[in-house]
Amino acid sequence: MLVDSKYIEARALDYSNVPLIDRRIVASVHLENRDDELFWDTLLQHNKPGKYNYIYESRVEKDGKPKSGVDQCLRYKPYLTPTFFICIDSDLRYLLQEPDIDAQHCILQTYTYSWEQHYCIAEEIQTQLANISSEAATKFDFPLFLSKLSQIAYEPLLCLLVSLNNKPETNNIIGEFHDCFPSQCLASVFVDNGEQLLRQIAQNLQQFMSKPMFSSIDLSAVKAKYNVLGLNETNTYLHLRGHNVWGLVNHIGNMLCRPHRINFKQQILLPSLQLSGYWEIEKVTNDAHQILRLI
């Protein structure tokens, strides 16, 4: 796609000026797509209540079609201001330390792989579930399941990160890693809190780890490096692909709650969002405060 930098710069200036023209608007905010608004608006309202001009798609050339997605957001990167900033999923950018993705450059990122994982905090899900149906809560232990998932996925994720840092041309390896995690499962998942499913994921990851490229990795050094960035054996599930974690949690929850006439997504997942209590959400909140205090 042809990208017209002058046109992008002009559009960015227009977006920045919207709050100056309409004082009711706090800022213009380019999201990856419309589905992201619930999470980001909740976070922004917490920091600075008001009306935001959300942009879900835009043009990067005068006669082109509007586009959405993270790449579209990042095309505005050189022209962002406190009154026009972007909100993106981190994917693996934070762990790979992609430069200039931070509040200083007027970019908010999730720090988890995607915004969906902020609705999948294990303890909050279990608390919400117990509050609505103590009977359903006794049938599946989300904190135990997600803790074991993290333990299983921790070292394979580290190997993936090392591989991407050393050989970025092997990007197909990301797909192979993601494919190790099913987004659906059978009702047998309720036996021993998903032990059968966890064993299958462990086998998939063991096969993934058998690649020769991983044999020389010093995992102790890699663990120390990523521990500084906040990644460890207990929170790895927050840094796996968001659709995998959200999809699996939502699928298990739906099977669990359907007999109790509970809408798992609406009554359990979405109300489980907390804006404190773990470093990933606190870092997003602090970044938002840094940008919004300049307005």
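Worth knowing before you read on, the calculation uses all heavy atoms, side chains too, and leaves out hydrogens, waters and symmetry mates.
By the criterion of side-chain heavy atoms lying less than 4.5 angstrom apart, applied directly or through intervening Ile, Leu, Val, Met, Phe, Trp or Tyr residues, Leu229 is grouped together with Leu164 in one hydrophobic cluster. Connection of Leu144 to Leu198 is not established within any shared hydrophobic cluster, with ILVMFWY side chains joined at heavy-atom distances below 4.5 Å, either directly or through further cluster members. Each of Tyr54 and Val18 belongs to its own hydrophobic cluster when Ile, Leu, Val, Met, Phe, Trp and Tyr are linked at side-chain heavy-atom distances under 4.5 angstrom. In the hydrophobic clustering of ILVMFWY residues, with side-chain heavy atoms under 4.5 Å counting as a link, Leu157 and Leu219 come out together. Following chains of ILVMFWY side-chain contacts shorter than 4.5 Å, one cannot reach Leu294 starting from Leu43, and the two form parts of different hydrophobic clusters.
Between the CG atom of Asn235 and the OH atom of Tyr154 there is a distance of 8.5 Å, given to the nearest 0.5 Å. Once rounded to the nearest 0.5 Å, the distance linking OG1 of Thr112 with CG of Leu240 reads 11.0 Å. Within the model, atoms CZ of Arg93 and CG of Asp100 stand 13.0 Å from one another, a figure rounded to the nearest 0.5 Å. Taking NZ from Lys65 and CD from Glu61, the interatomic distance works out to 11.0 Å, rounded to the nearest 0.5 Å. The distance from the CD atom of Glu32 to the OG1 atom of Thr110 is 8.5 Å, given to the nearest 0.5 Å. Once rounded to the nearest 0.5 Å, the distance linking CG of Leu197 with CG of Leu149 reads 8.0 Å.
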When you look at Glu282 and Asn286, which way does the side chain to side chain donor-acceptor pair (under 3.5 Å) test go after all the steps? CA-CA 6 Å; Glu282 291 174 356; Asn286 289 338; over 6 Å; no
CA sep, side-chain torsions, deciding dist, call: Asp41, Gln45, side chain to side chain donor-acceptor pair (under 3.5 Å): CA-CA 6 Å; Asp41 190 62; Gln45 295 296 337; 3.1 Å; yes
For Asn47 and Leu44: C-alpha separation, side-chain torsions, deciding distance, then whether side-chain contact (heavy atoms from CB on, under 4.5 Å) applies. CA-CA 5 Å; Asn47 281 274; Leu44 294 176; 5.7 Å; no
Evaluate the side-chain contact (heavy atoms from CB on, under 4.5 Å) criterion for residues Thr285 and Ser276: first the C-alpha distance (whole Å), next the side-chain angles of each, then the deciding distance (0.1 Å), finally the verdict. CA-CA 8 Å; Thr285 302; Ser276 64; over 6 Å; no
If you apply the rule side chain to side chain donor-acceptor pair (under 3.5 Å), what do you find for Ser90 with Gln109, and how did you get there? CA-CA 5 Å; Ser90 291; Gln109 62 171 312; 2.6 Å; yes
Could you walk me through whether Gln196 and Val191 satisfy the side-chain contact (heavy atoms from CB on, under 4.5 Å) test, starting with their C-alpha distance in whole Å, then the side-chain angles of each, then the deciding distance to 0.1 Å, before giving a yes or no? CA-CA 8 Å; Gln196 181 178 338; Val191 177; over 6 Å; no
Tell me, with the steps shown, if Tyr56 and Ser68 meet side-chain contact (heavy atoms from CB on, under 4.5 Å). CA-CA 6 Å; Tyr56 313 114; Ser68 60; 5.9 Å; no
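The closest side-chain heavy-atom distance from Phe85 to Val29 is below 4.5 Å. A 4.5 Å side-chain heavy-atom check between Pro19 and Ile295 finds every atom pair outside the cut-off. At a threshold of 4.5 Å between non-hydrogen side-chain atoms, the residues Tyr76 and Tyr15 count as touching. With contacts defined as side-chain heavy-atom distances shorter than 4.5 Å, the pair Cys106/Tyr79 does not qualify. With contacts defined as side-chain heavy-atom distances shorter than 4.5 Å, the pair Leu238/Tyr113 does not qualify. When side chains are defined from C-beta on, Phe140 does not count as touching Leu129, because their heavy atoms never get closer than 4.5 Å. Here the side chains of Gln117 and Glu280 are not in contact, with every heavy-atom distance at 4.5 Å or above. Contact annotation: the side chain of Phe142 approaches that of Leu256 to within less than 4.5 Å [non-hydrogen atoms, C-beta and beyond].
Without hydrogens or angle criteria, Glu124 side chain to Gln274 main chain gives no donor-acceptor distance under 3.5 Å. In this structure, Trp279 contributes its side chain and Gly230 its backbone to a donor-acceptor pair below 3.5 Å. Of the possible donor and acceptor atoms, one in the side chain of Asn244 sits under 3.5 Å from a partner among the backbone N and O of Phe181. Judged by distance alone, the side chain of Asp141 and the main-chain N or O of Asn193 form no donor-acceptor pair under 3.5 Å. Using a distance-only test at 3.5 Å, with no hydrogens or angles considered, a donor-acceptor pair links the side chain of Ser210 to the main chain of Gln207. Without hydrogens or angle criteria, Gln97 side chain to Tyr94 main chain gives a donor-acceptor distance under 3.5 Å. The closest donor-acceptor contact from the side chain of Asp4 to the backbone of Tyr7 lies under 3.5 Å. Side chain of Asp89 to main chain of Asp91: no donor-acceptor pair is present (N/O by atom type, distance under 3.5 Å, no hydrogens or angles). In terms of modelled atom types and a separation under 3.5 Å, the side chain of Thr236 and the main chain of Asn232 share a donor-acceptor contact.
For Gln206, the CD atom counts as loosely surrounded, since its 6.0 Å shell holds 12 or fewer non-hydrogen atoms of other residues, nucleotides or ligands. The neighbour count for His251 NE2, taken as heavy atoms of other residues, nucleotides or ligands under 6.0 Å away, is above 12. The neighbour count for His260 NE2, taken as heavy atoms of other residues, nucleotides or ligands under 6.0 Å away, is above 12. Enclosure of atom NZ in Lys139 by more than 12 non-hydrogen atoms of other residues, nucleotides or ligands within 6.0 angstrom is indicated.
In terms of heavy-atom proximity, Ser16 sits nearest to Thr81 at OG-OG1, 3.0 Å. Taking each heavy atom of Cys180 and Asn204 in turn, the nearest pair found is O-ND2, 3.1 Å. Between Tyr237 and Leu146, the shortest heavy-atom distance links the atoms CE1-CD1, 3.8 Å. The two atoms that bring Phe190 and Met255 nearest to each other are CZ-CB, 3.7 Å, heavy atoms only. Across all their heavy atoms, Val249 and Phe264 have their closest contact at O-CE2, 3.5 Å. When every heavy atom of Pro99 is checked against every heavy atom of Lys77, the shortest pair comes out as O-NZ, 3.3 Å.
Paired with Ser58 under the rule side chain to side chain donor-acceptor pair (under 3.5 Å), one option of Lys67, His30, Arg75, Arg11 passes, and it is His30.
Between Phe214 and Phe208, a ring centre-to-centre spacing shorter than 6.0 Å is recorded. Between Trp246 and Phe39, the distance separating the two ring centers is not shorter than 6.0 angstrom.
Glu233 and Lys223 are not joined by a salt bridge, as no carboxylate oxygen comes within less than 4.0 angstrom of a charged side-chain nitrogen.
No donor-acceptor contact under 3.5 angstrom links the side chains of His118 and Tyr111, judged on distance only.
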